[in-house]
Amino acid sequence: MTRVINFSAGPAALPEEVLRQAADEMLDWHGSGQSVMEMSHRGKEFIGIAEAAEADLRELMAIPANYKVLFLQGGATLQFEMVPINLLAGKGTADYVYTGEWAKKAIKEAKAFCQVNVVASSEDKAFTYAPAQSSWKSSKDAAYLHYTANETIGGVEFQWVPDSGSVPLVCDMSSNILSRPVDVSKYGLIYAGAQKNIGPAGLCIVIVRDDLIGKAVPTPPAMLDYKIHAENDSMFNTPPTYSIYIAGLVFQWLKRQGGLAAIEQKNIAKAKLLYDFLDASSYYKNPVAKADRSRMNVPFTLRDAAQDEDFLKGAKARGMVQLKGHRSVGGMRASIYNATSIAGVQTLVDYMAEFEKNHG
Ligand code: PMP
């Protein structure tokens, strides 16, 4: 068996240890005689799996007791809608930071529910930086302030947490959650689709402060109401059980790695390896402002786009896949989430150097 080095933006590479454990437990989970996929979500086995997953996530992120952790479906995209539905609480305006394709989608959905005030935009420079907070124009009466911690397509990451004062701070953390420690208490709500640093697609995690739950006006349909999901421990309906199980294994793996402070050091080292190489090269280019470069998604272009196909072909021949950039920006993108090893990034850098020598 040969496993590829997978640079996909998501669904993304998972730790091999986790996949092996899942394989070992596939037919018979802990002597239960069944796969986790076959278990009732109301049975004691699965309840135990879900409780352990939540407890491990709480420990990893040091989530304060006054926050609920919800395991939902509908991807991060459904949160573009659930956030305004639940958090507007009768107010007519919400503040959004416009930093790229994902912020754009969040803004578009919110507009169906409220007046969106774009406090800052990086559109003037093709979304290649995170606007400094000193330039933001907040509204007087916003229900919340929303930002995208890491723009998966543009490769722009906030290396700081915005100060939203008394306004609840809402963050789309889909593509950098669990890549570094965060102070959850600075946020009103954090949401993240699972398919990058958490586990399989089909699961979305929402971490929400107690006092923001149950304020929706009018009362939303049950499946769109945080209150209903919180009251039912995320089991109002059948949750994505297998995705929650794998997420739980990923959380245990992260704990074995030394937790988020340790994984952050590894992520810094991987990103540095790649960016240092890009900066030293005259053949490859990354367009993002240095201070705002993502540690998770590294877009880059070749000097001559006509060589893109050759580059991808050579990468594939060396076992590296999913390096093609997003269709909206072109070029290449290497996504280097938690499960990507330093050796994997080194293999990419070695190949890039070789390709430059032969084509530069
Ligand atoms: N936000 C960000 C930052 C993302 O990267 C993605 C998916 N790549 C989404 C939202 C949408 O997630 P989903 O496809 O799970 O709805």
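One-based numbering, in listed order, for ligands and for the atoms of each. Computed over heavy atoms, backbone and side chain alike; hydrogens, waters and symmetry mates excluded.
Of the candidates Asn6, Ile5, Val4, Asn6 is the only one forming a side-chain contact (heavy atoms from CB on, under 4.5 Å) with Gln322.
The aromatic rings of Tyr96 and Tyr144 stand perpendicular to each other, their planes meeting at an angle above 60°, with 30° marking the opposite boundary. Between Phe300 and Tyr284, the angle of the ring planes goes over 60°, which puts this pair in the perpendicular group of the 30/60° scheme. Relative orientation of the Trp136 and Trp160 rings is tilted, given thresholds of 30° and 60° on the angle between their planes. By the 30° and 60° cut-offs, the orientation of the rings of Phe355 relative to His359 is parallel.
Interface of Ser174 with ligand 1, defined as ligand atoms under 4.0 Å from a residue heavy atom, comprises 1 (N), 2 (C), 3 (C), 4 (C), 10 (C). If you number the atoms of ligand 1 from 1 as listed, the ones under 4.0 Å from a heavy atom of Gly75 come out as 15 (O), 16 (O). Within ligand 1, the atoms closer than 4.0 Å to a non-hydrogen atom of Thr152 are 2 (C), 3 (C), 4 (C), 5 (O), numbered from 1 in the order shown. Taking every heavy atom of Phe80 and a limit of under 4.0 angstrom, the matching atoms of ligand 1 come to 10 (C). Within ligand 1, the atoms closer than 4.0 Å to a non-hydrogen atom of Asn150 are 3 (C), numbered from 1 in the order shown.
Between Glu309 and Lys313 there is no salt bridge, since no side-chain N of the basic residue sits under 4.0 Å from a carboxylate O of the acidic one. Using a cutoff of 4.0 Å between basic side-chain nitrogens and carboxylate oxygens, Glu231 and Lys227 are scored as salt-bridged. Between Arg209 and Asp211 there is a salt bridge, with a side-chain nitrogen of the basic residue lying less than 4.0 Å from a carboxylate oxygen of the acidic one.
Between Ala76 and ligand 1, an N or O atom pair is found at a separation short of 3.5 Å. In terms of N/O distances under 3.5 Å, ligand 1 is not approached by Thr148. An N or O contact shorter than 3.5 Å is missing between Ser175 and ligand 1 by distance.
Proximity of a side-chain donor or acceptor of Asn86 to a complementary backbone N or O of Leu224 within less than 3.5 Å is detected.
Contact between Gly193 and ligand 1 is absent, with no heavy atom of the residue lying under 4.0 Å from the ligand. Not a single heavy atom of Glu151 sits less than 4.0 Å from an atom of ligand 1. For Lys196, the closest heavy-atom approach to ligand 1 falls below 4.0 Å. For Leu78, the closest heavy-atom approach to ligand 1 does not fall below 4.0 Å.
Contact annotation for Lys105 and ligand 1: no heavy atom of the residue comes within less than 4.0 Å of the ligand. With a 4.0 Å heavy-atom cut-off, ligand 1 is reached by no atom of Tyr191. Counting heavy atoms under 4.0 Å from ligand 1, residue Thr77 touches it through both backbone and side chain.
Between Phe311 and Tyr351, the ring center distance clears the sub-6.0 Å criterion.
Gln195 NE2, 2.9 Å is the protein heavy atom nearest to atom 15 (O) of ligand 1. Atom 1 (N) of ligand 1 has as its closest protein heavy atom Asp172 OD2, 2.6 Å.
Checked by atom type, the side-chain pair Ser175/Asn150 shows a donor-acceptor distance below 3.5 Å.
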